[in-house]
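Okay, structure first, notes after.
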Amino acid sequence: MDNSQNWIDRGLAHVAGTYGRYPLVASSGKGCWLTDIDGKKYLDFLAGVAVNNLGHCHPDIVKALQDQAGRLLHCSNFYHIPQQIELAEMLCEHSFGDRVFFCNSGAEANEAALKLVRKYSLDNHGDDRFEIITAENSFHGRTIATISATNQEKICNGFGPLLPGFKFVPFGDIEAIKTAISSKTCAIMLEPIQGEGGINIPPAGYLQAVRELCDQNELLLIFDEVQVGLGRTGKLFAYQHDGVEPDVMTLAKALAAGPPIGAMVTREKYATALGPGTHGSTFGGNPLLAAAAVAAMKVFINGDVLKNSVTMGDYLRTRLEQLQTKYSFVAQVRGRGLMVGMELTIEGGEIVKTALNRGLLINCTAGKILRFVPPLIVTTGEVDQMIEILDGIFKEL
Ligand SMILES: *Cc1c(COP(=O)(O)O)cnc(C)c1O
């Protein structure tokens, strides 16, 4: 078998260079641990960027995939698919939603949401009401529509002309939304907690106030829960912390806790805007991936991982706050459940590289925010191990 360096060279030669990759060649995973091709083990506090919420190779997911793989891999959405129906029922039973559109990624879920709100608005308010208000430093995906939905220079640069019809406001500023709403506005799209933007939690009352503005102005509220959904913040969906419900919610990342699947959840009233032939996806809600998502949802709904997300989130933040008191370059620790960020006064890139060398996977977002999104099954012992490695790195800075 090839060693790491061979794989890295082959990858650099023929795989598109859209990622600056670290020198780790992934081989296998179990729980919170990833093993590379040379047998080195890494404590995984990135979890595929909040995808492996049940840890690597959760036995229920593996079994669901194995069972379904031998029965039916794919079937067109021209026909009814039991696994997809079961998943839709589970998502509706445990959320505000009545109907679910399935796709394969977060960006696609957001595309579906954007199409839905425009079509609903056209059907109900006429053709001059298409603008969508989104937040600065938001992240909604990498397609043309979803990059148009963020104003982040580093994401949009070079791909213009972008899709028109977006207005940007500072995240957490309700007055800015009031000012931005016009006769052209049809929807507001927000992450309940910004992920890529730096684990930004809005001020208390913000999401409720946005909901009220939507109600007063007959606007649809879209919550992008692609990163924060499925137990990450300690509840099944992040909006459940705030006592507000969106009209549309998008999911992907952890929905099948590994395998790729996305979903847009909405209310009956709005879902009717997307009738037969208006939208679709060949693989969306495919039996194999839907079976995996049903297995993942069963574990999320059972509740133990949600509880662990709360207790381990508290523990992780407490331990990180202890580091904050020790090191002056740690500005703030923030988060909810196991969605945790540590803001530094210095760039975090080198810390991430050193951590990798020492067997710890974390990442740095928005330049100076170390992000910790471990599997929701993480233990105190694993948090302690992570802190020990981080402490060792901080000591040398
Ligand atoms: C990751 C992410 C997306 C994009 O998901 P993809 O599956 O990469 O298309 C969209 N929104 C948020 C909040 C995300 O974190």
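In each ligand, atom 1 is the first atom listed, and ligand 1 is the first ligand listed.
- Asp127 is linked by a side-chain hydrogen bond (donor to acceptor under 3.5 Å, both in side chains) to nothing, counting only residues two or more places apart in sequence or in another chain.
- Partners of Val62 under the side-chain contact (heavy atoms from CB on, under 4.5 Å) rule, at least two apart in sequence or in another chain, are Cys57, Gln66.
- Nearest heavy atoms, Gly197 versus Ala366: O-CB, 3.6 Å.
- The residues Arg358 and Glu396 are annotated as salt-bridged, a charged nitrogen and a carboxylate oxygen being separated by less than 4.0 angstrom.
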Please report, to 0.1 Å, the donor-acceptor pairs under 3.5 Å made by any side chain of residues 152-174, with sequence neighbours excluded.
| from | atom 1 | to | atom 2 | distance (Å) |
| --- | --- | --- | --- | --- |
| Gln152 | OE1 | Lys154 | NZ | 3.0 |
| Gln152 | NE2 | Ser138 | O | 2.8 |
| Lys167 | NZ | Ala180 | O | 2.9 |
| Asp173 | OD1 | Glu175 | N | 3.1 |
| Asp173 | OD1 | Ala176 | N | 3.0 |

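- Counting only N and O atoms by type, the side chains of Asn124 and Glu218 include no donor and acceptor under 3.5 Å apart.
- Protein residues having at least one heavy atom under 4.0 Å from any atom of ligand 1 are Ser105, Gly106, Ala107, Asn110, Phe139, His140, Gly141, Glu191, Asp224, Val226, Gln227, Lys253, listed by chain and number.
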